[in-house]
Amino acid sequence: MQSNTYKLLNEEFGIAEKVLDAVAKAEEDVKELFDNIDDITAFNQYKVLKAFQKNRISDMHFGWNTGYGYDDPGREALEKVYADVFHTEAALVRPIIVNGTHALTLTLTGILRPGDELIYCTGAPYDTLEEVIGLRGEGKGSLKEFGVSYKQVELASDGSIDLHALGRAISASTRMVSIQRATGYSWRKAITIDEIERTAKFIKDINPNIIVMADNCYGEFLDTKEPTDVGVDVIAGSLIKNPGGGLALTGGYIAGRQDLIDNISYRMTSPGIGGECGLTFGQSRTMFQGFFMAPRVVNGALKGAVLCGRVFGNLGFDVCPKPEDTRSDIIQTVRLGSPEAVVAFCQGIQAAAPVDAHVKPEPWDMPGYEDQVVMAAGAFVQGSSIELSADAPIRPPYNVYFQGGLTYEHSKFGVIMALQTLYEKGLVSL
């Protein structure tokens, strides 16, 4: 018997019955996986709640100052909440950090000095960090321009961190080893917490003074532990991804050892000023509330990613990760094999959006990327990756990256519309 929802999607949205049947079958396949996701969500929800209660959050923390932002109790309390949740000595949580790349850049430039060596042990970093490091572009303040050297250790053939190669790469000049938890535009599974723990221990056994940094973008609340629970010294991420819960309008965070956070704060503002200044522009309430809601929002996005993997896997497409794999980010990669299919998938995601659903995304020369990129993001917050979105560089083998959804129902609808658009254009058979 067809449900009321099935009829609504068929009659009001024009979704083909074959599409709805394919998604319903995949959803039935992954029910047990959803139970485990719910358990992790409950753990993280109570962990966040405990941090709020410990820091005695009250209505006074939702106000804000002007000018320099001195003595802002809300900003200070929010950073204590983040530090408690991530089990670190200190944190910076600021709307003046414009995105995840900025948070990572502050971390790198706040810690590294001329003559230091940076190693990325998870292969190539995310595209937008290439100019930060100095791998391409004209310098303009890159680490290379300031005398920081760089090494890159490729992942092993099974997608894991190659500890033997990493050990050979570490030198007397190595100051920091960085782990990118999420896939970026790579065909690999995200790096799990267990693997991060093994890697951090391996590095510290070689030299305990080496700083282990993790790019935590897309990874918050995917596990009962975070990288800073397992030996990582400092993490960074974006508030318009997981921890903002879809409510933060902008911003980024960095959490870690007190001495590292101090140095990073001096880069964020100015030596001698650090974290003492910085206006929150009235965003404290939404940053608090978004962080409180984040575990549940991540739950919906994660379930949507698992469903996406099962739907397209059932249709014969290569997907990464597999639905049953341990997840360490909210991203689902689907290898579609052609630029036409990639664009159609993204247009389907856009058509599922509550905002700008009428727009048809096309590939364009997006700043910070080497290839043209097509990006679907009909979001309440521009560029918010915790809201339903999909993007892809237009390059072989034509992978598309699906993520987000403030609710599971919306993430599921994104899968439905992506498949519907491919079906209408004759790019998939059902």
In sequence, state the C-alpha distance, the side-chain angles, and the governing distance for Glu220 and Val85, and then conclude on side-chain contact (heavy atoms from CB on, under 4.5 Å). CA-CA 10 Å; Glu220 299 89 354; Val85 167; over 6 Å; no
What pairs with Phe345 under ring pair (Phe, Tyr, Trp, His ring centres under 6.0 Å), at least two apart in sequence or on another chain? Phe312
Among residues two or more places apart or on two chains, list those pairs meeting side chain to side chain donor-acceptor pair (under 3.5 Å) that have a residue in residues 260-271. Gln258-Asp262
Just jot down the side chain to side chain donor-acceptor pair (under 3.5 Å) partners of Asp35, sequence neighbours excluded, or say none. none
So, using ring pair (Phe, Tyr, Trp, His ring centres under 6.0 Å) as the criterion, who are the partners of Phe202 when residues are at least two apart? none
Does Glu76 have more than 12 heavy atoms from other residues, nucleotides or ligands lying within 6.0 Å of its CD? yes
Among residues two or more places apart or on two chains, list those pairs meeting side chain to side chain donor-acceptor pair (under 3.5 Å) that have a residue in residues 348-358. none
By side chain to side chain donor-acceptor pair (under 3.5 Å) - contacts of Thr280 (at least two apart): Asp72
What residues form a ring pair (Phe, Tyr, Trp, His ring centres under 6.0 Å) with Phe13, not counting sequence neighbours? Phe413
Within 6.0 angstrom of Glu145 CD, more than 12 heavy atoms from elsewhere: yes
Measure the shortest side-chain to side-chain distance between Lys144 and Ile133 over non-hydrogen atoms and say whether it is less than 4.5 angstrom. no
Is any side-chain heavy atom of Val319 closer than 4.5 Å to one of Gln332? yes
Residue set satisfying side-chain contact (heavy atoms from CB on, under 4.5 Å) with Ile211, at least two apart, ordered chain then number -> Ile111, Arg175, Met176, Asp233, Val234, Leu260
Around atom NZ of Lys204, are there more than 12 heavy atoms from other residues, nucleotides or ligands closer than 6.0 Å? yes
Set of side chain to side chain donor-acceptor pair (under 3.5 Å) partners for Thr192, sequence neighbours left out: none
Within the 4.5 Å heavy-atom criterion, are Arg94 and His102 side-chain neighbours or not? no
List the atom pairs, with distances to 0.1 Å, where a side-chain N or O of residues 115-126 and a protein N or O form a donor-acceptor pair under 3.5 Å, not counting sequence neighbours.
| from | atom 1 | to | atom 2 | distance (Å) |
| --- | --- | --- | --- | --- |
| Asp116 | OD2 | Arg113 | N | 2.8 |
| Glu117 | OE1 | Ser171 | OG | 3.0 |
| Glu117 | OE1 | Thr174 | OG1 | 2.5 |
| Glu117 | OE2 | Lys151 | NZ | 3.3 |
| Tyr120 | OH | Ser178 | OG | 3.4 |
| Thr122 | OG1 | Gln180 | N | 3.0 |
| Tyr126 | OH | Tyr369 | OH | 3.0 |

Under a plain distance cut-off of 3.5 Å, with no hydrogens placed, do Asp391 and Tyr185 share a side-chain donor-acceptor pair? yes
Looking only at heavy atoms, the pair that brings Gly256 and Ile261 closest together is N-CD1, 3.6 Å
Which residues pass the side-chain contact (heavy atoms from CB on, under 4.5 Å) test with Phe43, sequence neighbours left out? Lys47, Thr224
Who pairs with Glu362 by side chain to side chain donor-acceptor pair (under 3.5 Å), at least two apart in sequence or on another chain? Gln347
